[in-house]
Amino acid sequence: MTTPPSELPERYDPAAAEARWQGIWDAEKAFHAEPVARDGEVVVIPDRPKAYVLEMLPYPSGEIHMGHVKNYTMGDVVAHHRRRTGHVVFHPMGYDAFGLPAENAAIRTGEPPAEVTARNIAAIRTQLKRLGFSIDWDVEISTADPGYYHWTQWIFLRFLEKGLVERREAAVNWCPKDQTVLANEQVVDGLCERCKAPVELRQLPQWFLRITDYAQALLDDMDLLVDWPERVLTMQRNWIGRSVGARVEFGLDDGSATIPVFTTRPDTLHGATFFLVAPEHPMVPRLIEGRPEQAEVTAYVGTAARTPLAERSSAERTKTGVFTGRHVINPVNGEPIPVWVADYVLMDYGTGAIMAVPGHDARDFQFATTFGLPIRRVIAEEGVEADAPLVEAMTDPGRLVNSDVLDGMAVEEAKATMCAWLAERDLGDATVGFRLRDWLISRQRYWGAPIPVVNCPECGVVPVPDDQLPVLLPHIDDYAPKGQSPLASATEWLHTTCPACGGAATRETDTMDTFVDSSWYFLRYTAPHLSNAPFSREITDYWLPVDQYIGGVEHAILHLLYARFFTKVLHDLGLVGTREPFARLFTQGMIHHQGAKMSKSRGNVVPPDDIINRFGADTLRLYILFMGPAADDAEWSDSGVEGQRRFLDRVWRLVMALPGDGAGERPTPDELAGDDAALALVRKAEATVDKVSQDIGERFSFHTAISAIQELVNHATRDAGDGTLDTPAGHRALHHAARTTVSLLFPFAPHIASELWERMGGGERLWEEPWPAADPAFLVADTVTIVVQVNGKLRDRIEVAPGMADDALLEMALALPKVEAALGGAEIKRKIVVPGKLVNLVVARP
RNA sequence: GCCGGAGUGGCGGAACUGGUAGACGCGGGGGACUUAAAAUCCCCGGCCCUUCGGGGCGUGCGGGUUCGAGUCCCGCCUCCGGCACCA
């Protein structure tokens with residue numbers, strides 16, 4: 001659409017109206033909610049029901065995109081609806097402001113990240129305000145503010161006290177381009193999620209949060225997440241990867257030590273013919289010390305360390321390994337089996353060592369075949385000989401063979417029996433393994449919350465005392481990565497005294513993963529300026545859990561798992577009352593354009609500001625929700641946007657052309673009696689109220705809510721145009737339909753709705769007008785359409801009064817000429833009557 | 001391979017509990033208004049056949065249950081997402 005909005009007065013002018021209403025809402029603090037924790041204030045907890053409506057906070061890149069528009073518009077519709085249905089609505093906004101992009105800009109331009117970020121936040125805020133969201137701007141936060149990261153550090157120290165923080169040397173994912181360590185979650189297909197450089201493994205001292213301690217709780221409490229999408233729960237389950245099995249101790253041949261393994265198949269222990277340890281296994285140097293194999297094994301370990309992660313973890317790759325010259329004793333039969341080092345064994349899963357059962361594990365089978373190691377059958381299918389040779393690993397169910405006391409048992413029985421057998425002899429026990437790894441939170445970067453500890457040559461790692469928080473980011477001149485944190489170059493900041501002994505010490509120079517910041521932000525909104533605590537228990541107990549959380553499915557694992565973990569720990573520390581942060585979650589689909597995800601590199605981005613400039617914010621809000629089911633991906637269409645603008649213009653014209661009389665309350669059925677068109681329109685309005693309320697309140701089905709409003713507007717416009725409503729009752733019906741339309745439209749298109757509401761004499765404060773409730777008297781129709789079928793095929797329809805007796809319906813149906821023709825004189829074998837719906841006549845098929 | 005989700009007109013989609021398939025919107029065709037255009041309004045759009053009354057077929061494919069299936073069951077196919085050398 002290239003034509004500028006007409007200057008004609010009857011045309012709606014979004015620019016003027018939107019600016020005006022945004023000004024009114026701002027001045028009135030229309031969307032501020034209490035309670036919020038403030039220094040020295042007594043808290044009053046409301047007795048009305050609350051609704052905490054939250055959308056995932058944006059990273060302040062400086063520009064919002066259509067995904068943000070969709071996310072925040074959905075949240076805004078829900079917030080408006082809850083507000084007008086009697087809830088105290090908390091609807092805050094903030095910025096996930098630490099992170100690499102601002103730092104990378106600093107490396108390029110030398111401008112401090114804090115300044116880049118402040119400018120970007122201001123730009124984002126302006127764009128969000130242009131969309132007219134009902135956000136409580138009084139509680140806005142930025143995770144990069146010292147007032148915020150003070151408490152991120154404080155929470156870190158609580159984790160430290162609870163033993164949930166660990167500093168350890170570990171093989172970590174290292175991105176050579178970003179010069180930093182990555183969390184497992186940030187490595188995708190062996191590449192850095194951010195810059196796509198191949199990730200390397202490095203042994204470095206790093207900081208971890210022990211999320212694995214909460215693996216089981218994270219699984220168990222999914223029961224509390226009744227309104228989470230199934231696929232998100234599945235993704236988290238896959239990620240946590242619980243498997244039930246056993247820990248089994250294998251003694252070294254010289255009796256000097258035992259090496260534990262984790263296996264999910266303790267039933268196959270008699271089939272273990274060799275033993276594998278990971279190259280990084282701490283026992284490796286001891287195993288080969290002074291042996292002829294030492295040189296070869298050491299070389300293999302070195303090669304494994306240099307092999308890129310993606311290659312090493314590829315299932316297609318041929319198995320490699322090297323014999324250590326040593327043996328361990330299989331505890332079930334005393335048999336010595338050879339110990340090999342193989343890089344398909346992962347040090348950070350299970351115990352870093354496995355028993356190899358080539359007969360019943362595909363990977364072990366391949367290894368045995370490659371290196372000529374024995375393969376033993378211990379399970380046989382029905383009708384297969386116990387010693388039948390295996391040409392591939394047999395992983396199907398069957399009966400145990402060649403397994404002593406287990407012989408003849410089914411797999412499940414054998415597992416249980418073996419676990420009991422091992423436990424009795426103190427050789428192992430039933431246990432559970434998780435795929436989930438501890439969360440690596442240290443980053444060798446500047447723009448993050450400094451890890452609040454001091455490294456003292458005498459005392460080791462010493463936490464910074466609470467009263468010395470926050471550990472502020474120092475000013476530095478050069479942000480370029482050098483393999484260690486740029487913070488190390490701030491010498492004055494770096495050198496400090498040990499809080500424990502007072503001697504010379506240095507500060508920790510690593511900063512925290514930004515996912516730490518965003519793991520608790522939903523709590524800080526309730527106390528954005530509180531200076532002596534991160535939040536107040538009394539107030540978080542009122543607001544939490546978040547009633548409706550909305551965001552992109554790309555956060556299904558990372559952010560949502562971390563935030564759940566944080567909430568559980570804070571709960572166990574007695575700091576919050578809830579075990580889960582987000583009671584209901586909605587994950588939205590992405591907006592595509594020209595067949596692909598919108599991205600700068602593809603050049604297919606449609607900037608929201610452009611659309612607002614051309615059509616107004618209301619049109620954009622309406623269109624983004626009308627595109628399709630909110631959970632699905634949707635394809636951007638310029639002409640689709642125009643369609644929604646046309647709709648708003650139609651609403652505008654409907655209201656502006658309302659007759660001078662007829663305004664007022666909803667007419668009663670009696671007042672409309674005898675005026676069919678007026679009655680039908682009021683019925684339509686009431687049905688629309690019902691439909692829209694359900695679609696917003698229960699179904700998250702915004703596109704059908706909008707179509708329902710469009711149907712009402714079409715109905716009213718049509719009847720208003722052709723004179724059918726040119727009666728006193730008709731005018732009242734028309735006014736009621738228009739008022740209902742505007743009221744229902746408000747959550748989607750708040751500016752034009754407010755403007756029209758005011759022009760209809762409703763005043764300024766539509767945001768707090770009670771949500772309409774349908775009058776049930778109008779929801780029962782005075783006629784219903786009965787479908788008449790013959791053998792299940794539609795033949796005719798009849799209009800009858802509701803509640804007509806079955807016999808009467810049948811009689812009418814049988815009298816229909818079309819039905820008579822379809823029956824063709826055949827005998828009716830069965831008559832089905834569904835009251836209010838249909839009649840189905842069943843005859844013998846010719 | 002394992003787990004989860006989805007397949008409906010030219011397009012996005014609707015049909016919520018088994019009961020009128022295609023609401024609403026986009027695009028398309030025709031018409032009114034206009035000097036013309038834009039805007040607006042009206043009409044027509046699943047496919048095939050038709051003597052213009054209507055008839056047949058139709059929701060990825062093949063079966064089944066049922067008076068009746070887009071919806072339920074069984075078996076496939078395709079697409080999307082997650083996990084995957086995790087012992």
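Note that the structure is a prediction, hence the values are computed from the model and not measured. Here is how names work: the chains are called A, B, and so on, in the same order as the sequence lines, proteins then strands, and each is numbered from 1.
- Of the C1' atoms belonging to U17(B) and U71(B), the separation is 10 Å, rounded to the nearest Å.
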| Going 5' to 3' along nucleotides 10-17 of chain B, which nucleotides have protein heavy atoms under 4.0 Å from the base (write B), which only from the sugar-phosphate (write S), and which from neither (write -)? | --BSSSB-
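- Residues V839(A) and M812(A) fail the side-chain proximity criterion, which asks for heavy atoms closer than 4.5 Å.
- Taking only side-chain nitrogens and oxygens, N714(A) comes nearer than 4.0 Å to OP1 or OP2 of G25(B).
- Taking every side-chain heavy atom of E230(A) into account, G4(B) is the closest of G4(B), A21(B), C24(B).
- Put simply, the side chain of D438(A) gets close to the backbone of T212(A): a donor and an acceptor are under 3.5 Å apart.
- Applying the salt bridge (charged side-chain N to carboxylate O under 4.0 Å, His left out) rule to pairs touching residues 692-706 of chain A yields K691(A)-D695(A), D695(A)-R699(A), sequence neighbours excluded.
- Listed candidates were G19(B), G27(B), G5(B). Nearest to the side chain of L838(A) is G19(B).
- An OP1 or OP2 oxygen of C67(B) is reached within less than 4.0 angstrom by a side-chain nitrogen or oxygen of R830(A).
- A distance of about 24 Å separates the C1' atoms of C43(B) and A36(B), rounded to the whole Å.
- For the pair R653(A) and C41(B), the criterion of a side-chain N or O lying under 4.0 Å from OP1 or OP2 is met.
- Evaluation of the side-chain contact (heavy atoms from CB on, under 4.5 Å) rule for H281(A) yields I259(A), V277(A), M283(A), V284(A), M347(A), A353(A) as partners, not counting sequence neighbours.
- Screening L400(A), L269(A), D267(A) for a side chain to side chain contact (heavy atoms under 4.5 Å, CB included) involving M418(A) leaves a single residue, L269(A).
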| Where each pair must be Watson-Crick or G-U wobble with both distances under 3.5 Å, what dot-bracket representation of RNA chain B is obtained, with crossing pairs in [ ] and other-strand partners as |? | (((((((..(((......[....))).(((((.......))))).((((....))))..(((((..]....))))))))))))....
So which protein nitrogen or oxygen atoms get under 3.5 Å of nucleotides 83-85 of chain B's nitrogens or oxygens?
residue : atom : partner : partner atom : Å
C83(B)  : O3'  : R435(A) : NH1          : 2.9
A84(B)  : OP1  : R435(A) : NH1          : 2.1
C85(B)  : OP1  : S313(A) : O            : 3.3
C85(B)  : O5'  : S313(A) : O            : 3.4
C85(B)  : O3'  : R363(A) : NH1          : 2.7
C85(B)  : O2'  : Y344(A) : O            : 3.3
C85(B)  : O2   : K319(A) : NZ           : 2.4
C85(B)  : N3   : K319(A) : NZ           : 2.9
C85(B)  : N4   : R317(A) : NH1          : 3.1

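- OP1 or OP2 of A87(B) sits under 4.0 Å from a side-chain N or O of S243(A).
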Using atom names, set out every protein N or O paired with an N or O of nucleotides 44-55 of chain B below 3.5 Å, distance rounded to 0.1 Å.
residue : atom : partner : partner atom : Å
G55(B)  : OP1  : R795(A) : NH1          : 3.4

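- The nearest heavy atom of RNA chain B to G640(A) and to T351(A) marks one nucleotide each, and the one closer to the 5' end goes with G640(A).
- Toward the 5′ end of RNA chain B lies the nearest nucleotide of K793(A), the other residue of the pair G433(A) and K793(A) mapping further downstream.
- In this pair, F367(A) and W340(A) present their aromatic rings perpendicular. The plane angle is above 60°, beyond the 30 to 60° band.
- Straight-line distance between the C1' atoms of C33(B) and A39(B): roughly 11 Å, to the nearest whole Å.
- The phosphate of C26(B) (OP1 or OP2) has a side-chain N or O of R646(A) nearer than 4.0 angstrom.
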